[in-house]
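Worth knowing before you read on, the calculation uses all heavy atoms, side chains too, and leaves out hydrogens, waters and symmetry mates. Every number for a ligand or one of its atoms is a count from 1 in the order of the listing. Keep in mind it's a predicted model, so treat the numbers as computed, not measured.
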Amino acid sequence: MPDIVKILPTEVSNKIAAGEVVQRPSSVLKELLENSIDAKSSKITIIIKNAGKNLIQVIDDGQGMSKNDMHSSFIKHATSKINNIDDIFSIKSMGFRGEALAAISSVSMVEMSSSKLNENDGYYIEINGGNIISEKELNTNAGTSIKVQNLFFNVPARRNFLKSDFVELKHIINVFNNIAISHNEIEFSFINNGEEIFYLKRESLKKRIISIFGEKIRENLIPIDEDTQIANLHGFILKPEFAKKSRSNQYIFVNNRSVKSQFINHSIFSSFDGLLRDGYYPGYFLFIKIDTSKIDVNVHPNKTEIKFDDDQNLYSIINSAVKHCLGIYQVSPVLDFEKDPSMDISYSQVKSQPKIPEFEINSDFNPFQIFNDEKLGNLFSEKSKENIESDFENTVKEFTKIFQIFNKFIVSASTSSLIIINQNLAHQRILYEGFLKSIFESSADSQKLAFPIEINLSKQQLSMFNKIDSEFKSLGFEFGLAENLLEITSLPNQLKNNSIEEIIDDILDNDFDKSNSLSNSDFFAKALSKSSSIKSGEKLNSNEQEFLVNQLFSCKEPYLSPYNKQIFITLSKNDIENIF
Ligand code: ADP
Ligand code: MG
């Protein structure tokens, strides 16, 4: 029997490998755009014909290539971007595998012309199915133009596999969007079948998003900005009202590279808990900056997959940052300083003659009468109605903004929604984050007591106390323990107005093993926040109410109490209108 194992000719192996990099026209566009970005271009023009099946051309004004570099750029594993394996782990450029041009040119007809800055002698090469068929000196502008025609002309099976022009163009636009959003410093022109469908000048990220997705997205963008030791997050989250039935508005960038990540999607999705209708997905443009040594992008040739060293922590950072920014927008409408006032007026209004507004004034109208209204009064119990009226003095100034009902909830209205906060749960959250901070930063202030407080502990309480005595200390408690008698001599400032015996009794009656807490500190902070919080039934004056609302929305996680209970509900204007 003759030997049967043989090495495939380069042409065949390139075609096979090409399948990994080039699946469809949009993958060609992605590779070409990434190369132009790596070449530090400031303007990129994209020309597409028949959804890229017949032509994908990218013209840039970047560094350009010498004649020799043009030749080697089509050879597999030829790259200018890394030199050795260590470079892969600190990769800053978009490409690095040196595979794209080799793959693309083996399955299409490529024409490349390029010229380096300040060098007049440009060059031109034409390659069909991986073979150079012509080349010449050519005078061109500085930069590079790569024309990819008749994709898969020599792999009919793949060509037949392409979807309709409509579908392929959708993929192409998706690639373009990702690149354009993450490179707002670059000017783009996108020409499809002879028509310029996008022209994007250099602009801020926000303006870039609006230029691509239209003016209607503007008021739905909530900025996110969070700097932590693990990663830096910035970008925009779309308001829940802008959620879609598909995931098409979900953009994630890690170190400015578009990536797909199930766990990041999940983390954001769960931050929207309770805010989305069934079957709807949130939208976002999230940029994550992270130390390149803490990620691995070399998972797949497509480079859209990514692995993080510390994905658990990243999950919770993203989760709470998104909750935080959603929470802030609920009470304070996003201020938009970049907004161009002319955008407020619709085109039809601009065109039509202004109409003189008609006013009808009811001189008998008394805005405060609402509280005496029978119908409204029935919504509240008799007792709470009394309270509202007695609180009336305090809240007159602010009553459209913040007031308390049933001695239990704080109601706050913003321009677009009504929010009802459970005062007890909100205060637990505020205290919990404050306690955790003091414990970790050892920043607690305490106050000596004139008369020490003595508490008799049961056996069980004593063993609990021994588990968490260092947490007591780090929060500013000072104490002595003789047998089962606890003598407290100093108290943390935060607790000086509370009834300490009850609080300590309460905390020590908890069962750490059943508490679901991550650590002793977490357990202690939770238990203490629960026992020392403002309770339901406590009447709060307007300053206290306002303080509570402001503090809540400066929390990292304003949505859930330390024991995972929902702190507030929101009724949007739409929700309210739908009730009637
Ligand atoms: P990679 O980008 O992974 O290095 P490619 O096959 O995409 O591999 O490109 C090979 C090389 O060709 C690049 O490393 C770069 O030096 C050069 N190159 C490709 N496109 C351009 C361009 N638009 N401008 C300048 N150089 C380019
Ligand atoms: Mg490349």
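- With respect to K437 and E433, no salt bridge is recorded, no charged nitrogen being found less than 4.0 Å from a carboxylate O.
- Proximity of A39 to ligand 1, defined as any heavy-atom pair under 4.0 Å, is confined to the side chain (atoms from C-beta onward).
- Each of the following atoms of ligand 1 lies closer than 4.0 Å to a heavy atom of A100: 6 (O), 7 (O).
- For the pair F236 and L205, the minimum side-chain heavy-atom distance is below 4.5 Å.
- In summary, the aromatic rings of F285 and F213 are positioned with their centroids under 6.0 Å apart.
- Below 30°, between 30° and 60°, or above 60°: for Y315 and F263 the angle between ring planes is below 30°, a parallel geometry.
- Ligand 1 has an N or O atom lying under 3.5 Å from an N or O atom of N35, backbone or side chain.
- Contacts between D60 and ligand 1, counted as non-hydrogen atom pairs separated by less than 4.0 Å, involve the side chain only.
- Contact analysis puts M65 in contact with ligand 1, with a non-hydrogen atom separation below 4.0 angstrom.
- In terms of polar-atom proximity, L101 is counted as a contact of ligand 1, with an N or O under 3.5 Å from an N or O of the ligand.
- For F176 and F188, the distance between ring centers is under 6.0 angstrom.
- Between F568 and F553, the gap from one ring centroid to the other is short of 6.0 Å.
- At a heavy-atom cutoff of 4.0 Å, ligand 1 is contacted by the side chain of T144 but not by its backbone.
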